[in-house]
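The chains referred to below are lettered A, B, ... by the order of the sequence lines, with proteins before strands, and numbering in each begins at 1. Computed from a predicted model, the values in this text were never measured in an experiment.
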Protein chains: 2
Amino acid sequence: MNISAASKASGLPVKTVRYYADIGLVKAPSRSEAGYRTYDDVAVRKLVFVRRSRAFGFSIEECRELLDLYQDQDRTSSEVKRIASKRLEEIEDKQRELQSLHDELAHLVTSCRGDHMPNCPIIDYLG
Amino acid sequence: MNISAASKASGLPVKTVRYYADIGLVKAPSRSEAGYRTYDDVAVRKLVFVRRSRAFGFSIEECRELLDLYQDQDRTSSEVKRIASKRLEEIEDKQRELQSLHDELAHLVTSCRGDHMPNCPIIDYLG
DNA sequence: CCTTGACCTTCCCCTTACTGGAGAGTTTAG
DNA sequence: CTAAACTCTCCAGTAAGGGGAAGGTCAAGG
């Protein structure tokens, strides 16, 4: 499989596949004579694993840890759970932050008449 | 006022004040003979305005627009409301995204025993 | 008068996780 | 045989600053 086939099979852009190879996250198992990266099913499965992990918002470094655990038959589920719980807390922190931003901004937007006059509670609040 | 006084008065780091001057968002009104940026109360008010706008998650370019409206006596509140509503929608989009991420990940974390065994529904889901 | 320490300046590199493009080599279809 | 499609490496850029170096400036203390 050349890189574009691996891209299609994994659902990642070609550039991203190449980037993951560059940073040593998911390397191409081999190269052709002309120097083309060659992927197999195992590598594609890793790429998919990373794509899904990234979709959960795990950082590249966390993906690296998760990928290591994915391939480690001697892993303990507690290690995985620790990383996932950490991410879950980050999500919850972000949710709380967004909620308070939302409430404040929604209040301001509601109280702004949005007409042709210059008077504006949003600007007043920011200034 | 030198830059560190403006920094304290505005609540922004010195580096940030300098950066905002560099990109032309809030320029220092003048320079001393030695080339030191000199700020006045008007400039500090703009810095505070930007700090609060950034806290709502407005981008630098949006801050630029808002700052223009802040200083424009002929503005219409509808222009302000349009920008704020756009940001509010982005926040709501992000909230929905985080909510579904949260639900999925929370489910996985809950179902993972987190013990010394390798079996792990989180890894299974990602792989 | 001199020095010391706190300021200030510009400049450049670093961060995240890619994305876009240039220039050059390779492969494949017609 | 050529043109298109594919691949390679390398460079630059993104948002919004942060860190730190090398060097100029200013005020206080001795």
Side-chain angles (χ1 to χ4, degrees), chain A residues 1-40 43-44 46-67 86-87 90-91 94 97, chain B residues 1-40 43 46-67 86-87 90-91 94 97 101:
Chain A
M1 244 189 292
N2 277 351
I3 200 168
S4 64
S7 161
K8 271 159 201 144
S10 68
L12 288 169
V14 168
K15 273 279 189 183
T16 300
V17 176
R18 205 175 276 134
Y19 174 69
Y20 288 169
D22 285 350
I23 64 174
L25 181 60
V26 181
K27 287 184 183 154
S30 64
R31 295 267 188 154
S32 76
E33 244 177 75
Y36 287 16
R37 287 173 187 83
T38 305
Y39 291 85
D40 58 14
V44 167
K46 291 185 199 172
L47 288 171
V48 169
F49 183 94
V50 172
R51 178 171 60 74
R52 295 203 181 124
S53 303
R54 292 284 301 134
F56 273 118
F58 290 107
S59 73
I60 294 289
E61 287 315 308
E62 284 166 339
C63 289
R64 212 185 286 273
E65 289 183 62
L66 288 170
L67 202 49
K86 177 163 152 285
R87 177 68 193 132
E90 287 169 9
I91 289 174
K94 192 72 185 174
E97 188 196 329
Chain B
M1 240 187 299
N2 277 349
I3 200 168
S4 65
S7 160
K8 270 159 201 144
S10 67
L12 288 169
V14 168
K15 274 279 190 183
T16 300
V17 176
R18 207 174 275 134
Y19 174 67
Y20 288 170
D22 285 351
I23 63 174
L25 181 59
V26 180
K27 287 183 181 152
S30 65
R31 295 268 186 154
S32 77
E33 242 174 77
Y36 289 15
R37 287 175 188 80
T38 306
Y39 290 85
D40 57 14
K46 292 185 199 173
L47 289 170
V48 169
F49 183 94
V50 172
R51 178 173 58 74
R52 296 203 182 124
S53 302
R54 291 284 302 136
F56 274 117
F58 291 106
S59 72
I60 294 290
E61 288 314 309
E62 285 166 340
C63 288
R64 211 184 284 273
E65 290 183 60
L66 288 170
L67 202 49
K86 176 163 154 284
R87 176 70 193 129
E90 287 169 11
I91 289 174
K94 192 74 185 172
E97 187 196 330
L101 278 190

Can you list the residues that meet the ring pair (Phe, Tyr, Trp, His ring centres under 6.0 Å) rule with A:Y19, with sequence neighbours excluded?
-> none
Who passes side chain to side chain donor-acceptor pair (under 3.5 Å) against A:R54, sequence neighbours left out?
-> none
Rounded to the nearest 0.5 Å, what's the gap from OH on A:Y20 to CZ on A:R64? Could you check?
-> 11.0 Å
Mapping B:K8 and B:R31 onto DNA chain C by nearest heavy atom, which one lands closer to the 5' end?
-> B:K8
Expected output: side-chain A:S53 to main-chain A:F49 donor-acceptor under 3.5 Å = yes
Sequence neighbours left out, what passes side chain to side chain contact (heavy atoms under 4.5 Å, CB included) with A:P29? Give chain and number order.
-> A:Y39, A:D40, A:A43
Any A:V48 side-chain heavy atom under 4.5 Å of A:S10 side chain | yes
Side chain of B:T16 (C-beta onward), nearest among D:dT7, D:dG17, C:dT19 | D:dG17
Below 4.0 Å: OP1/OP2 of C:dC8 and any side-chain N or O of B:S4 = yes
Which residues pass the side chain to side chain donor-acceptor pair (under 3.5 Å) test with B:K86, sequence neighbours left out?
-> B:E62
To the nearest angstrom, the OH-C1' distance between A:Y39 and D:dT7 comes to 12 Å
Taking for each residue the nucleotide of DNA chain C bearing the nearest heavy atom, is the 5' side occupied by A:A34 or by B:R37?
-> B:R37
Interatomic distance, B:D22 CG vs C:dC13 P [rounded to whole Å] = 16 Å
Set of side chain to side chain donor-acceptor pair (under 3.5 Å) partners for B:E65, sequence neighbours left out = none
Tell me, which of residues 49-64 of chain B have any heavy atom that sits under 4.0 Å from an atom in DNA chain D?
-> B:R54, B:S59, B:I60
Which part of the nucleic acid, if any, lies within contact of A:I23, taking any heavy atom under 4.0 Å across all strands shown: a base, the sugar-phosphate backbone alone, or nothing?
-> nothing
In whole angstrom, what separates B:Y20's OH from D:dA15's P?
-> 14 Å
Only counting residues at least two apart or in another chain, list the ones meeting side chain to side chain contact (heavy atoms under 4.5 Å, CB included) with A:S32.
-> A:A34, A:Y36, A:T38
Grab the N/O contacts between the protein and nucleotides 21-25 of chain C below 3.5 Å, and write none if there aren't any.
from: C:dG21; atom 1: O6; to: A:K15; atom 2: NZ; distance (Å): 2.6
from: C:dG25; atom 1: N2; to: A:Y36; atom 2: OH; distance (Å): 2.9

B:Y19 has an atom OH; how far is it from atom P of C:dT15, in whole Å?
-> 18 Å
Sorted by first residue and then second, give each salt bridge (Lys or Arg N to Asp or Glu O under 4.0 Å) pair with at least one member in residues 9-38 of chain B; sequence neighbours left out.
-> B:D22-B:R37
Just call it for B:S32: base, sugar-phosphate, or nothing, with non-hydrogen atoms closer than 4.0 Å on any strand.
-> nothing
Partner residues of A:E90 under the side chain to side chain donor-acceptor pair (under 3.5 Å) criterion, sequence neighbours left out | A:R87
Could you give the angle between the helix axes at the two ends of the helix from C:dC1-D:dG30 to C:dG30-D:dC1, with five pairs per end, rounded to 10 degrees?
-> 30°
